[in-house]
Amino acid sequence: MRVPISRLLYFRNDVSLECAAPEECVRLTQLREGARSTRLVTTCCHCALSVDHPAYAAGVVMVPTTANVLNGAEHVPPPAKRIYMDDWD
């Protein structure tokens with residue numbers, strides 16, 4: 001059974017938190033030691049808010065839409081491409 005791939009949005013890396021004490025609201029984590037991607041997750045429900053990767057060269061941040069409600073996301077254009085769809089099971 002094929003499961004839809006999550007829609008990932010990429011934004012300029014100028015994310016800011018509206019939280020009085022960010023260290024109590026979010027934390028940075030990696031899925032395993034030596035991983036290249038770093039996730040910003042909430043401390044309450046462990047939701048991944050965004051993902052950074054060295055390939056982004058500190059210029060963009062990726063936001064998975066399955067875990068986040070984005071204000072203004074209706075103005076984001078539809079995906080232009082899907083990569084490696086044949087490998088998806």
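Numbers here are sequence positions counted from 1. Please read these numbers as outputs of a predicted model, since none were measured by experiment. Computed from heavy atoms alone, side chains included, the values below leave out hydrogens, waters and symmetry copies.
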Minimal non-hydrogen separation, [X] against [Y], with atom names:
{"X": "Pro64", "Y": "Ser50", "value": "CD-CA, 4.3 Å"}
{"X": "Tyr10", "Y": "Val60", "value": "CD2-CG2, 4.4 Å"}
{"X": "Val51", "Y": "Tyr56", "value": "O-CE1, 3.6 Å"}

Interatomic distance, CG@Leu40 vs SG@Cys47, rounded to 0.5 Å, equals 9.5 Å

Interatomic distance, NE2@His46 vs CG@Leu49, rounded to 0.5 Å, equals 12.0 Å

Margin query: If hydrophobic clusters are built by linking Ile, Leu, Val, Met, Phe, Trp and Tyr wherever their side-chain heavy atoms come under 4.5 Å apart, do Leu9 and Val61 end up in the same one?
Written below: yes

Hey, can you pull the donor-acceptor pairs under 3.5 Å for the side chains in residues 23-34, sequence neighbours left out?
{"unit_1": "Gln30", "atom_1": "NE2", "unit_2": "Ala35", "atom_2": "O", "d": "3.0"}
{"unit_1": "Gln30", "atom_1": "NE2", "unit_2": "Thr38", "atom_2": "OG1", "d": "3.3"}

